[in-house]
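Report on one structure; see the data block that follows.
Each chain gets a letter, A, B and so on, in the order the sequences are listed, and its residues count up from 1.
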Number of protein chains: 2
Amino acid sequence: MQTELEIFREFIRSKGLRQTPEREIILAEICRKREHFDVDELFLRLRGQDKKISKASIYRTLPLLVECGLIREVNFVDGHWHYEQIYGQPHHCHLRCLSCGAMVEFEEPRLAAVEAELSRKHGYQIIKHVLEVQGYCPHCHQKSSARDEEAKHV
Amino acid sequence: MQTELEIFREFIRSKGLRQTPEREIILAEICRKREHFDVDELFLRLRGQDKKISKASIYRTLPLLVECGLIREVNFVDGHWHYEQIYGQPHHCHLRCLSCGAMVEFEEPRLAAVEAELSRKHGYQIIKHVLEVQGYCPHCHQKSSARDEEAKHV
DNA sequence: ATCATTGCAAAAGCTTTGCATAAGA
DNA sequence: TCTTATGCAAAGCTTTTGCAATGAT
């Protein structure tokens with residue numbers, strides 16, 4: 001299997017773009033910690049390593065990484081996009097805590113059937129799906145139950 | 001079944017807020033055309049009827065309508081949120097064309113099972129899910145195929 | 001009479017963009 | 001050498017907010 005860097009270089013070349021240290025440092029940082037991230041976090045992580053890469057470059061690079069399938073937009077929460085590295089990972093969905101933002105990843109094979117049916121029924125060429133289940137994680141749920149209990153006795 | 005207006009008034013009263021014409025005009029317009037909308041569209045629709053309601057009031061009212069379950073955020077596309085009226089409608093998911101934005105609504109009963117499993121497995125209190133399948137509608141798919149075909153012969 | 005709500009304009013926050021400089025190819 | 005990419009700062013957009021005036025209770 002090709003490495004992310006190989007994929008990215010091939011993509012950059014194929015589009016007639018240029019291989020730059022900034023682009024590769026951004027990709028390397030995303031791959032180093034295979035976690036969800038947003039632009040600001042990524043910027044601060046790079047800056048913390050004395051890699052002075054501007055936010056403008058990050059904003060210009062992320063769409064390239066999305067286009068070549070190395071990362072994807074996960075969701076738009078708190079006024080900005082969150083991304084995740086996806087290359088080499090099985091496709092997964094998210095379970096998000098509406099209170100603390102904790103995310104559980106899970107696979108859901110039944111969605112392949114859903115896609116196939118939609119394609120047949122509506123004539124769409126299906127590209128992908130995004131499923132996010134939302135609720136309260138055990139920790140936050142407990143906290144809010146405790147709060148409710150307290151409210152009763154006021 | 002209660003009307004949307006009744007639900008809203010009850011909600012407003014229960015929170016100690018005030019029943020204002022602006023809030024009710026916004027709700028009425030959303031219910032009049034039971035379609036997807038965004039803030040700007042709604043603002044222009046109201047303005048077209050000589051109902052001069054400020055965007056600030058719209059931005060302040062929508063979260064109330066979400067909170068009392070009359071509307072919901074559908075997705076964040078083109079830099080802003082899209083909403084839809086949901087009260088009295090069966091829960092549904094969306095199939096969106098990545099090119100023209102066309103939306104097909106569909107019901108997917110299998111997701112109830114997915115929610116139940118997640119709740120059991122991870123201890124989350126599940127509130128809701130958002131599933132969006134993305135692809136190209138027959139019309140846009142055809143156009144892009146034609147374009148590709150053309151490119152071959154250049 | 002209170003105090004929440006409105007409209008306006010300003011501010012805030014994320015993202016994009018123009019431009020001069022730097023640097024791949 | 002030619003052209004793309006970078007960094008900075010400014011601009012663009014959507015959304016939020018402060019404030020004086022208005023209006024609901």
Side-chain angles (χ1 to χ4, degrees), chain A residues 5 8-30 36-47 49-68 71-83 101, chain B residues 5 8-30 36-47 49-68 71-83 101:
Chain A
L5 185 56
F8 189 46
R9 286 184 170 168
E10 202 167 304
F11 171 81
I12 287 290
R13 197 172 337 111
S14 77
K15 305 242 332 177
L17 303 177
R18 289 175 185 173
Q19 182 178 318
T20 69
E22 288 82 1
R23 285 175 175 161
E24 302 198 342
I25 287 171
I26 290 168
L27 173 59
E29 180 58 26
I30 290 169
H36 297 166
F37 64 92
D38 58 39
V39 169
D40 204 53
E41 268 172 51
L42 187 56
F43 174 73
L44 292 175
R45 265 157 57 186
L46 289 167
R47 164 164 289 232
Q49 299 165 45
D50 283 322
K51 296 189 172 140
K52 296 283 161 48
I53 289 177
S54 72
K55 277 196 184 171
S57 291
I58 296 177
Y59 277 113
R60 284 166 175 142
T61 300
L62 294 184
L64 298 175
L65 295 173
V66 168
E67 193 181 344
C68 67
I71 68 173
R72 70 163 169 177
E73 289 174 344
V74 174
N75 52 23
F76 188 86
V77 178
D78 294 332
H80 57 268
W81 282 103
H82 293 247
Y83 297 83
Chain B
L5 185 56
F8 190 45
R9 286 184 170 167
E10 201 167 305
F11 171 81
I12 288 289
R13 195 171 340 110
S14 76
K15 304 243 328 178
L17 303 177
R18 288 176 185 175
Q19 183 177 318
T20 69
E22 288 82 359
R23 285 175 175 160
E24 301 198 343
I25 287 171
I26 290 168
L27 174 59
E29 180 57 27
I30 289 169
H36 296 168
F37 65 92
D38 58 39
V39 169
D40 204 53
E41 270 171 50
L42 187 55
F43 174 72
L44 293 174
R45 266 158 56 188
L46 290 166
R47 162 164 290 232
Q49 299 165 45
D50 282 322
K51 299 193 171 137
K52 296 283 162 49
I53 289 177
S54 71
K55 276 195 184 172
S57 290
I58 297 177
Y59 277 113
R60 284 166 174 140
T61 301
L62 294 185
L64 298 175
L65 296 172
V66 169
E67 194 181 343
C68 66
I71 67 173
R72 71 163 168 175
E73 290 174 343
V74 174
N75 52 23
F76 188 87
V77 178
D78 294 333
H80 56 266
W81 282 103
H82 292 247
Y83 297 83

### Query
Hey, does B:Phe8 have a side-chain heavy atom less than 4.5 Å from the side chain of B:Leu65?
yes

### Query
How long is the span from the OG atom in A:Ser54 to the CZ atom in A:Arg47, to the nearest 0.5 Å?
10.0 Å

### Query
Earliest and latest nucleotide of DNA chain C, 5' to 3', sitting under 4.0 Å from a non-hydrogen atom of chain B?
C:dC3 to C:dC8

### Query
Roughly how far, to the nearest 0.5 Å, is CG of B:Asn75 from CG of A:Asn75?
12.5 Å

### Task
Provide, to the nearest angstrom, the distance between the CZ atom belonging to B:Phe43 and the C1' atom belonging to D:dT15.
14 Å

### Summary
Judged by nearest nucleotide, the residue sitting upstream toward the 5' end of DNA chain D, A:Ile12 or B:Phe76, is A:Ile12

### Query
What orientation do A:Phe76 and B:Phe76 show, parallel under 30°, tilted 30 to 60°, or perpendicular over 60°?
parallel

### Query
Is A:Arg60 reaching over with its side chain to a backbone N or O of A:Arg23, donor-acceptor style, under 3.5 angstrom?
no

Nucleotide N/O of nucleotides 22-25 of chain D paired with protein N/O under 3.5 Å:
residue	atom	partner	partner atom	Å
D:dG23	N2	B:Arg18	NH1	2.7
D:dA24	O3'	B:Gln19	O	3.4
D:dA24	N3	B:Arg18	NH1	3.3
D:dT25	OP1	B:Gln19	N	3.2

### Query
Considering residues at least two apart in sequence or located in another chain, which fulfil the side-chain hydrogen bond (donor to acceptor under 3.5 Å, both in side chains) criterion with B:Arg45?
B:Glu29

### Query
Aromatic rings A:Tyr83 and A:Phe37: how do their planes relate, parallel, tilted or perpendicular, breaks at 30° and 60°?
parallel

### Atom-pair distance (CD on B:Glu73; P on D:dT14), nearest Å
16 Å

### Task
Could you check which residues of residues 50-64 of chain A get a heavy atom under 4.0 Å from DNA chain C? Sort them by number, please.
A:Ala56, A:Tyr59, A:Arg60

### For atom CD of A:Glu24 and atom C1' of D:dT6, their distance in whole Å
15 Å

### Task
Taking side-chain hydrogen bond (donor to acceptor under 3.5 Å, both in side chains) as the test, write out the residues that go with A:Thr61, two or more places apart.
none

#### Entry: Contact check, side chains of A:Asp40 and A:Lys55, non-hydrogen atoms, under 4.5 Å
yes

### Task
Note down the inter-axis angle between the two ends of the helix from C:dA1-D:dT25 to C:dA25-D:dT1, five pairs each, to the nearest 10°.
30°

### Task
Calculate, to the nearest 0.5 Å, the distance between atoms CD and CG belonging to B:Glu73 and B:Leu62 respectively.
9.0 Å

### From B:Glu67 atom CD to B:Phe11 atom CZ, the distance as rounded to the nearest 0.5 Å
3.5 Å

### side-chain contact (heavy atoms from CB on, under 4.5 Å) between A:Gln19 and A:Arg13, worked out
CA-CA 8 Å; A:Gln19 182 178 318; A:Arg13 197 172 337 111; 5.7 Å; no

### Query
Once you round it to whole Å, what is the distance between P of D:dT14 and CG of B:Leu44?
11 Å

### Message
Tell me the closest heavy-atom pair linking B:Val77 and B:His82, and the distance in Å.
### Response
O-NE2, 3.3 Å

